[in-house]
Amino acid sequence: MASVTYDHVTKKFSGETTAVNDLSLQVHDGEFMILVGPSGCGKSTALRMLAGLEDVTDGDIKIGDRVVNEVPARERDIAMVFQSYALYPHMSVYDNMAFGLKMRGTPRSEIEGKVKDAAGILGLEKLLQRKPRQLSGGQRQRVALGRAIVRDPQVFLLDEPLSNLDAALRVETRINLQKLHQRLGSTFIYVTHDQVEAMTMGDRIAVMKEGVLQQVAPPRELYDHPVNMYVAGFIGSPRMNFIPVTLDGKTAKASGFSVEFSSAPGIEKGVLGIRPEDFDEQPREGGPRIDMKVEVVEVLGSDQFVYGKVGGDDVIARVDPQFKVTPGDTMKLGLNMRRLHLFDAETEKALN
């Protein structure tokens, strides 16, 4: 096991395209770190630099105390799992898992022990003689994980490993990956564009945008205390409501309601951030009264999401699934003021 350090790391491609810009990030020994963001944000490039598949333009990457910028990929003692599985189609499951060890010259008896141990962890014992074409997507993903486990690396790198799985299998594999991390105690760095994967799996999450690290924190802290509108909107499903407001002292006025703060925020134009679950089915005493014209209702078993207009703004509210509401209704909502977010409209930075 080992820690990983990105020390002011930058990656530029031909044409001076900057994929990763001055990334500084410390991944602790044994941590499950998530790199999350939309396509093109630099997260996979950051992972590929750590793996030795891309050169570093500037800065240093360390595994433990060793700078690995010039260390060949095969000597970095890492294992990478790709979304494509990258299995050899002509080899059995056993041979796919054993291949890397054979290339190292590992004794046959040791290979057999490591493959059987990994197969036991991943539930692959009965599949060792099958070829990849005889396996489901979830089974192939487990083989790819098994190939990484047998190498006993210092760091596991996982690049969108669940993208090719259906929804039910993604949930199952997500849980199995967390169990695997707990069992191995190794350092995991996991890249995804899916904020649900990020929130449910990571010890900490690093949110990236256009090559720049925006915030790194545990999932709950990211959700409750985003540093800017980008993080606030990316983390959470459905996404946070953003409502433009003008401020006059302590009063913030939206197109359909106003709220009073305990002190003046000190700006003239802001954006209120309200998560869907922070609306109340009834206005609170002394709090704002919000009239919402209902347009669409989604009932999802344990959840009910209501989409509509408040003044001229589009709003999503999460309400009790037993609450009776239909399109065309006008709902009178309250607001949990303790959960309200306020952002500077110009800088998009959080103010509270």
Side-chain angles (χ1 to χ4, degrees), residues 4 19-20 23 25 27 31-48 50-51 79-86 136-142 144-145 148 155-182 187-242 273 275-277 298 300-303 305 316 318:
V4 170
V20 176
L23 173 62
L25 177 66
V27 183
E31 185 173 27
F32 200 134
M33 171 65 76
I34 306 284
L35 303 183
V36 69
S39 297
C41 74
K43 58 189 186 298
S44 290
T45 302
L47 201 72
R48 290 174 63 84
L50 174 57
M80 191 161 182
V81 179
F82 300 91
Q83 70 181 82
S84 62
Y85 316 138
S136 68
Q139 290 168 337
R140 292 178 193 175
Q141 189 57 268
R142 279 185 280 156
L145 286 167
V155 183
F156 286 86
L157 309 181
L158 302 102
D159 190 4
E160 303 268 12
L162 309 187
S163 295
N164 293 333
L165 305 181
D166 62 42
L169 199 51
R170 279 202 302 272
V171 173
E172 178 185 339
T173 308
R174 199 168 72 208
I175 293 168
N176 288 336
L177 275 173
Q178 293 175 78
K179 291 179 179 178
L180 179 63
H181 175 254
Q182 293 166 7
T187 305
F188 277 43
I189 303 179
Y190 185 106
V191 161
T192 182
H193 66 276
D194 187 328
Q195 62 93 22
V196 174
E197 286 181 22
M199 289 292 288
T200 54
M201 297 175 70
D203 295 323
R204 288 190 299 154
I205 302 170
V207 183
M208 297 186 68
K209 175 188 179 184
E210 298 176 354
V212 178
L213 179 64
Q214 301 294 305
Q215 185 175 2
V216 56
R220 189 78 245 178
E221 183 178 337
L222 275 184
Y223 193 79
D224 290 339
H225 304 291
V227 297
N228 57 34
M229 287 178 61
Y230 177 80
V231 175
F234 195 85
I235 299 297
S237 181
R239 74 194 302 267
M240 180 182 285
N241 296 286
F242 293 120
R275 295 212 180 271
E277 66 270 24
E298 291 184 341
L300 304 175
S302 60
D303 286 319
F305 297 107
I316 309 169
R318 178 184 178 184

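Heavy atoms only: backbone and side chains are in, while hydrogens, waters and symmetry mates are out. Throughout, numbering of the chain's residues begins at 1 and tracks the sequence.
Within the 3.5 Å criterion, the main-chain N or O of M33 finds no donor-acceptor partner in the side chain of D203. Between the K43 side chain and the V207 main chain, no donor and acceptor come within less than 3.5 Å of each other. Of the possible polar contacts, one joining the R275 side chain to the Y223 backbone as a donor-acceptor pair under 3.5 Å is found. Judged by distance alone, with hydrogens and angles left aside, the side-chain atoms of Q214 form no donor-acceptor pair with the main-chain N or O of V231 at under 3.5 Å. E221 contributes no side-chain N or O that, together with a main-chain N or O of P218, makes up a donor-acceptor pair within less than 3.5 Å. Side-chain atoms of Q215 never come within 3.5 Å of backbone atoms of L222 as a donor-acceptor pair (strictly under, hydrogens ignored). With hydrogens and angles disregarded, a donor-acceptor distance shorter than 3.5 Å links the side chain of N241 to the backbone of I316.
In this structure the side chain of L177 reaches within 4.5 angstrom of the side chain of L162, judged on heavy atoms. The closest side-chain heavy-atom distance from P226 to F234 is not below 4.5 Å. The side-chain heavy atoms of F188 and V81, taken from C-beta on, include no pair separated by under 4.5 Å. In this structure, the side chains of N176 and L145 stay at 4.5 Å or more apart for every pair of heavy atoms. In this structure, C41 and H193 have side chains that are not in contact, with every pair of non-hydrogen atoms separated by 4.5 Å or more.
The nearest pair of heavy atoms linking D303 to F305 is CB-CE1, 3.8 Å. The heavy-atom pair separating A79 from A148 by the smallest distance is CB-CB, 3.6 Å. Of all non-hydrogen atoms in G42 and V20, the two that sit nearest each other are O-CG2, 3.4 Å. Heavy-atom minimum distance, P161 versus Y190: CG-CE1, 3.3 Å. F242 and G273 get closest at one heavy-atom pair: CD2-CA, 4.3 Å. Scanning both residues, L213 and V216, for their nearest heavy atoms gives CD2-CG1, 4.5 Å.
Put simply, CZ on F156 and CE on M80 are 13.5 Å apart, with the number rounded to the nearest 0.5 Å. Rounded to the nearest 0.5 Å, atoms CE (M201) and CG (D194) are 10.0 Å apart. Atom OG in S44 sits 10.0 Å away from atom CZ in F82 (nearest 0.5 Å). Separation of atoms NZ (K179) and CD (Q182) is listed at 9.0 Å; rounding is to 0.5 Å. For the atom pair Q178 CD and T200 OG1, the distance stands at 5.5 Å (nearest 0.5 Å). Taken from CG in L158 to CD in Q141, the straight-line distance is 8.0 Å, to the nearest 0.5 Å.
No more than 12 heavy-atom neighbours from other residues, nucleotides or ligands sit within 6.0 angstrom of CD on E210.
Salt bridge annotation for R174-E197: absent, with no cationic side-chain nitrogen under 4.0 angstrom from a carboxylate oxygen.
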Inset, instruction - Decide side-chain contact (heavy atoms from CB on, under 4.5 Å) for L35 and L25; before the verdict, give the C-alpha distance in whole Å, the side-chain angles of both, and the deciding distance to 0.1 Å. - result: CA-CA 10 Å; L35 303 183; L25 177 66; 3.8 Å; yes

